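Here's the structure, in structure tokens; my notes come after.
Counting starts at 1 for both ligands and their atoms, following the listed order. Keep in mind it's a predicted model, so treat the numbers as computed, not measured.
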Amino acid sequence: MKTNSTYNIGLSYDENYERGPEFSGTLPELAEINRGLPAYSFFGKKLNSPLGVPAGPLLNSAYIKLYADLGFDVLTYKTVRTLRIPVHPFPNVLAVATSPEQMMPRGAKPELICLPDDSSPLEQLSITNSFGMPSRDPQTWQEDVAKARAAIHEGQMLVVSVVGTVKAGGTLQELAEDFALAGEWAKQAGAEAVEANFSCPNVQSGEGSLYQSPEAVGIIAAAMRKRLGSTPLILKMGFLDDDNLTHEVVSAAVRGGANALAAINTIPANVRTPEGVQALPGNGRLSSGICGAAIKPAGQAMVKRLLETRRALGISSSDLTIIGVGGVMTAPDALEYLEFGVDGVQSGTGAMWNPYLAQEFKQLYAKVDSTVSAR
Ligand SMILES: Cc1cc2nc3c(=O)[nH]c(=O)nc-3n(C[C@H](O)[C@H](O)[C@H](O)COP(=O)(O)O)c2cc1C
């Protein structure tokens, strides 16, 4: 299959892990693309810009290095666990036919058809991804996180995404301890901030819907805060359409000691081939997460809800940082999020198919009004 992404969607996850990323272009001169940018700080550290890559596209230190060299300034290492977990069967990424209207969650799960390739124009490219949050064993990923930390440049930050693993018959407190242990190991390995994934729709075991439970959010955040000390803690959220629930979840996150919320994760949909066959093989994989162009309005609606909730609760941006994710395919998309008032913005699908997005964003960001940039 033809692919234009740094992650080759025609190869297995393990092949991409071992051989990737695929990139044969010229790297930008960082000093040049960072010149004239407005001052920006993230968790108190001076960064070159507020643009980052969320958890997922950067499988390991080789991917972190490439995207650091390309000028993305917040680099999130794909979610790891306290134990080795294999990946879902191939394929793991497929382009899909959909629209922003269809991907605004409203009750029934959208029914989508996959596309034969990823040749849609970037502004319209939407994909499904389904990996099941695989993890190398902790020693392997810890050594690799240390390499990733060594690969980033001045004015950049390494975040490591972690998830706890639900055990049969286990309690919420045990799950929280597993999240906390993963976070502590990530910190020891070199993470400057730790992100807890509360929202992966591609697992069936319960880790994927934690963001909808104020109790789970509060208990897990508190357990992680204890082990992380002063290291910033980001919680990765999915889409919520209920203001009261959002209020409760945000309050629980703050009480638990979280420093930031990143939203949104992918939005679940049923994906079939044009012949009507389940597109991704295996039990529980008719439904998988959608990301890219079509989820931008959902991502924006969610960050607006989070910003409004933060205001209503009287919480400052330094006490709760909000990071906008979802459908940032172009530089103007990233700026749109910043104009809503988010404190950071990240691109997953867009950065995979357009590695020059950071360079393009910085050209635009250097010219923006200080009301957008001075946060
Ligand atoms: C290939 C791929 C893998 C992903 N893996 C993870 C993951 O391991 N953990 C996580 O929290 N989110 C994961 N995500 C979700 C992204 O972090 C992001 O929330 C989502 O893709 C929406 O952003 P986008 O529209 O810019 O892609 C993944 C996304 C992609 C495209």
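Note on ring orientation: taking the six-membered ring where Trp is involved, the planes of Phe42 and Tyr40 are parallel (angle under 30°, cut-offs 30° and 60°).
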Identify all pairs of nitrogen or oxygen atoms, one from ligand 1 and one from the protein, separated by less than 3.5 Å, and list them with distances.
residue	atom	partner	partner atom	Å
ligand 1	5 (N)	Lys78	NZ	2.9
ligand 1	8 (O)	Lys78	NZ	2.7
ligand 1	8 (O)	Thr79	OG1	3.1
ligand 1	9 (N)	Thr79	OG1	2.7
ligand 1	9 (N)	Asn197	ND2	3.3
ligand 1	11 (O)	Asn197	ND2	2.9
ligand 1	11 (O)	Lys236	NZ	3.2
ligand 1	11 (O)	Asn265	ND2	3.4
ligand 1	12 (N)	Ala55	O	3.2
ligand 1	12 (N)	Lys236	NZ	3.2
ligand 1	14 (N)	Ala55	O	3.1
ligand 1	17 (O)	Ala55	O	2.6
ligand 1	17 (O)	Lys236	NZ	2.7
ligand 1	19 (O)	Lys236	NZ	3.0
ligand 1	19 (O)	Ile264	O	2.9
ligand 1	25 (O)	Gly292	N	2.9
ligand 1	25 (O)	Gly327	N	2.8
ligand 1	26 (O)	Gly348	N	2.8
ligand 1	27 (O)	Thr349	N	2.9
ligand 1	27 (O)	Thr349	OG1	2.7

* Asked: Hey, mind stepping through Ser126 and Thr98 against side chain to side chain donor-acceptor pair (under 3.5 Å) and telling me if it holds?
  -> CA-CA 7 Å; Ser126 298; Thr98 185; over 6 Å; no

* To do: Show your working on side chain to side chain donor-acceptor pair (under 3.5 Å) between Asp333 and Thr330 and close with a plain yes or no.
  => CA-CA 5 Å; Asp333 290 338; Thr330 64; 3.2 Å; yes

* Asked: Would Phe23 and Tyr67 count as a ring-ring contact (aromatic ring centres under 6.0 Å, His included) if you check the C-alpha gap in whole Å, the side-chain angles of each, and the deciding distance to 0.1 Å?
  -> CA-CA 10 Å; Phe23 179 77; Tyr67 278 79; 8.2 Å; no

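Glu192 and Lys45 are joined by a salt bridge, as a carboxylate oxygen and a charged side-chain nitrogen come within less than 4.0 angstrom of each other.
Judged by distance alone, with hydrogens and angles left aside, the side-chain atoms of Thr76 form a donor-acceptor pair with the main-chain N or O of Val53 at under 3.5 Å.
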